[in-house]
Protein chains: 4
Amino acid sequence: MCTCAMYHTKDHYFGRNLDLEFSYQESVTITPRNFPIPFRQEGSMNNHYALIGMAFVCGGFPLYYDATNEFGLSMAGLNFPGNGYFFKPESDGKDNISPFEFIPWILGQCKNLNEARALLDKIRLVDIPFSKELPITPLHWMIGDQSGSIVVESVRDGLHIYDNPVGVMTNNPTFDKQLFRLNDYRGVSAGPSENTFAKGLDLDPYSRGMGGIGLPGDLSSGSRFVKVAFTKMNSISNDDEDSSVSQFFHILGSVEQQRGCCDLGDGKYEITIYSSCCNMDRGIYYYRTYDNSQISAVDMHHEDLDGRDLVSYTLVTKQQINQIN
Amino acid sequence: MCTCAMYHTKDHYFGRNLDLEFSYQESVTITPRNFPIPFRQEGSMNNHYALIGMAFVCGGFPLYYDATNEFGLSMAGLNFPGNGYFFKPESDGKDNISPFEFIPWILGQCKNLNEARALLDKIRLVDIPFSKELPITPLHWMIGDQSGSIVVESVRDGLHIYDNPVGVMTNNPTFDKQLFRLNDYRGVSAGPSENTFAKGLDLDPYSRGMGGIGLPGDLSSGSRFVKVAFTKMNSISNDDEDSSVSQFFHILGSVEQQRGCCDLGDGKYEITIYSSCCNMDRGIYYYRTYDNSQISAVDMHHEDLDGRDLVSYTLVTKQQINQIN
Amino acid sequence: MCTCAMYHTKDHYFGRNLDLEFSYQESVTITPRNFPIPFRQEGSMNNHYALIGMAFVCGGFPLYYDATNEFGLSMAGLNFPGNGYFFKPESDGKDNISPFEFIPWILGQCKNLNEARALLDKIRLVDIPFSKELPITPLHWMIGDQSGSIVVESVRDGLHIYDNPVGVMTNNPTFDKQLFRLNDYRGVSAGPSENTFAKGLDLDPYSRGMGGIGLPGDLSSGSRFVKVAFTKMNSISNDDEDSSVSQFFHILGSVEQQRGCCDLGDGKYEITIYSSCCNMDRGIYYYRTYDNSQISAVDMHHEDLDGRDLVSYTLVTKQQINQIN
Amino acid sequence: MCTCAMYHTKDHYFGRNLDLEFSYQESVTITPRNFPIPFRQEGSMNNHYALIGMAFVCGGFPLYYDATNEFGLSMAGLNFPGNGYFFKPESDGKDNISPFEFIPWILGQCKNLNEARALLDKIRLVDIPFSKELPITPLHWMIGDQSGSIVVESVRDGLHIYDNPVGVMTNNPTFDKQLFRLNDYRGVSAGPSENTFAKGLDLDPYSRGMGGIGLPGDLSSGSRFVKVAFTKMNSISNDDEDSSVSQFFHILGSVEQQRGCCDLGDGKYEITIYSSCCNMDRGIYYYRTYDNSQISAVDMHHEDLDGRDLVSYTLVTKQQINQIN
């Protein structure tokens, strides 16, 4: 379904896989500071922080899947079927924000997680769809800044905010269950395991990598969570931009969905439509698509961030092969 | 350690991951038809089929890791520690071939698997190292043509040739054990599983991809075999070149080794140094490296295949980012 | 640590494994109707339903591990370390009951689950230890009658009562997480699995029982929960008393702890000290111990249930071998 | 299907689970020294060592499932479907022995494994059925004495004899594959695991027994092999007879088959029909049946071992409950 991850070397990186069986016409979209953002219940926000991220721009509104603002605060919405629950708006002083407005609401106003937490204290996520054609999707969100990340889940019994010690998120089940599940994997390791099966029995470590035996390799959200947490938490790279970005895409690659391996029936297959990696400190949004493994990059600071108009770059989805001879 | 795979749509593709903690200076190397290949025990082969593949050229000799010849016959050598065993040369009419000579010996003379099988009938793999600095490495090989593939393993009790119904190979254990292990996974699926746990108990398929639960996700050779077999056997793509090549790299990506996740100690980590995909029908060799996710391509037919000199293209290992703005 | 289970044929059965590294001097203990039960905060209960179960009788008080009353209502307390949490007594109209009083409190007054639920509505489990030598143990409870079962967990955020569709319980984590985990096993089966790995690949069901591949076999509480749920939910037996009791002990046997396999260090090993099975309808308490595999039986209706004194039968722990010749 | 195990404290123990969906009328049968054993191709053996074990006596011939002779040499035949292969008799000096004759052939003549190995050097296992009604069953065998055990497998490419470092055996696949599979479990342990998942991530060992996570719990022969090897190799007990026998039955209990959990279709279920444990040093044969958990014992030295007639004791299959009150 989807995977989100953070990683840092000397800079900080935030990104995600979007796993679906179809694609809207999403594009890398910069929302400059003076683009007016109309909220359904909370009026229009005419001045705000600038954003870069992946969005489906619909009727002039940037429906962000994931984005980073000019201070590095980053946020991604991931599918949360059966769990995500949104409420009726009420006039009780809380901010009534629809899921599709949530990313600009937070990233438009907050410099960091502390400020985001303050806004989350008085938010109500409400069940207002963007349009008849685009009904409410059950989502949950990971929000990160340079200091760490949290997970926000609006479920039937209210809004839950979880600290995220692993800096990754997938989909179901709820984040407390996902985190708890990691306990069952405390004995796996990136290095070789000790032979602890039984005294006096010589067992052969016949392959490198056997310390990780037990890690799951299927594409369910529970298994992807364990796998990507392991990959991210054990990742090593140099701290320059190229090395860091490269490692980030390898982290996401560890839970990529290959066409055919998640069969939805009727000839439909869920695949990793795009993978993204945003340098939170520098506002550069990198991405790859299923059929174009070359990394493309869009730099928010190469645009006029004081503008009033969205800037969108259509994705380069065709394979860009470097013909050597 | 390493993974090899084949895939076909309307064309046929053969490639591999090279997983190591260091890199020789391998390059994409074309051996034209008239490059003299000196064999240690079997004289020099002065005319042969042309080859393209990844090689470490040492003292003028192309030490191929994997290669494809002009008819599509393809071959890769993968690490086989503790199992690969090579014999003393004998003068009994058999062909005494060293592991480092094996790929040019077969690909230089055979158009297809049938011809390769005939040569294998009279081969002895011998323990002659390339040089003092490059001692014998225990290897086994996958050989494929447009009709299928076989695995060749020289172990203490002799040479074994296995049909390969899944078209993938990793490392240990021996191929019969690897294939047998797949039986334990016959119940996993790309589609959703039926609820068969118990009558009368409603269990929730809370995520897509749960039919695959049970597939291993660690980096050991046994687990990579199961995972890549599943990915390859369930792969779906269009049959044009871009789609096919893209899907091939996704197959290999499913068992990629991320830096940090296979810790060898002393600050060394095994990673997927390169991934390759050769169009067997057209002689185009595609590759990516750990730090350059763009695909590069070398076409053997753009070279003079009747030449006498090796042609080598240094790998493009630096990330090639497509700067959009 | 411990496992509790229910099973029914034409009669109903409730029992448990007690898994510990040491034993108190527990005995099968009948509490007749007129034995006065002193509660620390709620006065003395001088008339109540009769109970049979396993108890450590300390200072004249039956500290029940598990028990059944004369109507069949049954209850067992199992270890719940790190999760079980008990509160300060308060004078707010709620019943302040200590964990060690909980079983007689419920079974002494309730004929069935409905009546138990009514009492649970106004209960507070409080942190009053039995004595200095017997401090509070973190426990949670399974309560069952002929209609089904519930789980009662007092944790930091209060008392949780869960319906229990599988009729088994172990220890950590909390019951909602345990139940959720079963979803991951929906594809395993008592019968053979279909070959769904991949089209066109013949995989051999080389053994009976392969449909269950994926079921865990270690002794952790999470794994025992899955294994015993599977065993219980798939259990088949005749409905006479001997067959039913036999099958019940096989259910508990599936998650038994063998000496040596759960090593606590310092030469201590957790083992299944006893397994019990109470016919809820007839008040017969069957048990086995680790070193005596013969089943012993105590029938509550063979005692004077209108008495005022506890009746205790020391466990038969020595192996009773039937010498044939 | 079946499991065989050995265990020793100060005495030595050999036994097995018989897992089937039906029962012949097997009985504990002593074959005294002068009972003439007719072999189909090798004449009659009129004087031999005495045997005790479980046999189906058919037409006066003891068809042993498992047995121990007066020196302690022990042997069990277990199902080996698809692998067991037996040859045509030939007149080449080899001993042509049918599977149903194999146990008396070895145990009748050999004091220990060394002597058994000598006989195995010149044996051919032949495809002569006992009768039309009892065709050849594919079997393999574990043979043990006080020094250790071996496995004997007659397959298409001949007879294989394997040293058995774990002293357990189940069914398919061949024993070399079974043993190799244990390597994948070298990281599991009876004690708690170290937290090696990732640096800086605190993971909670929320249950005892978590070091064993990864051990399989289904009833397939491959999984039972791993589970019983782990249980046996980690077993701890006192060394007196009661404690040793008790622990032995717990070892076999770890891979017991519960009715309903191995569903063969048509209302048939494979169950553990009996479990046996023979004190190899003293010739006492202990057993339990699915529906009688009390241990029964038959002592070969309580019979006239110089007799000429089989002595058989019908199994006690009815539950023997110790009624306490």
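Residue numbers begin at 1 in each chain, while the letters A, B, ... track the order of the sequences.
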Within 6.0 Å of CG in A:Asp157, more than 12 heavy atoms from elsewhere | yes

Measure D:Ile213 against the heavy atoms of chain A and call it side chain, backbone, both or neither at under 4.5 Å.
-> side chain

Contact part of D:Pro205 toward chain A, heavy-atom cut-off under 4.5 Å: side chain, backbone, both or neither?
-> both

Ring geometry between D:Phe197 and A:Phe230 (parallel below 30°, tilted from 30 to 60°, perpendicular above 60°) = perpendicular

Options A:Asn234, A:Val188, A:Leu182, ranked by heavy-atom pairs under 4.5 Å with chain D, top entry = A:Val188

D:Thr196 to A:Gly187 - nearest heavy-atom pair and separation = OG1-O, 3.1 Å

Part of D:Tyr206 lying under 4.5 Å from any heavy atom of chain A | side chain

Could you tell me whether a side-chain N or O of D:Asn183 sits under 3.5 Å from a main-chain N or O of A:Leu203, the two making a donor and an acceptor?
-> no

Within 6.0 angstrom of D:Lys10 NZ, more than 12 heavy atoms from elsewhere | yes

What pairs of residues pass the salt bridge (Lys or Arg N to Asp or Glu O under 4.0 Å) test when at least one of them lies in residues 181-195 of chain A, not counting sequence neighbours?
-> A:Arg181-C:Asp184, A:Asp184-C:Arg181

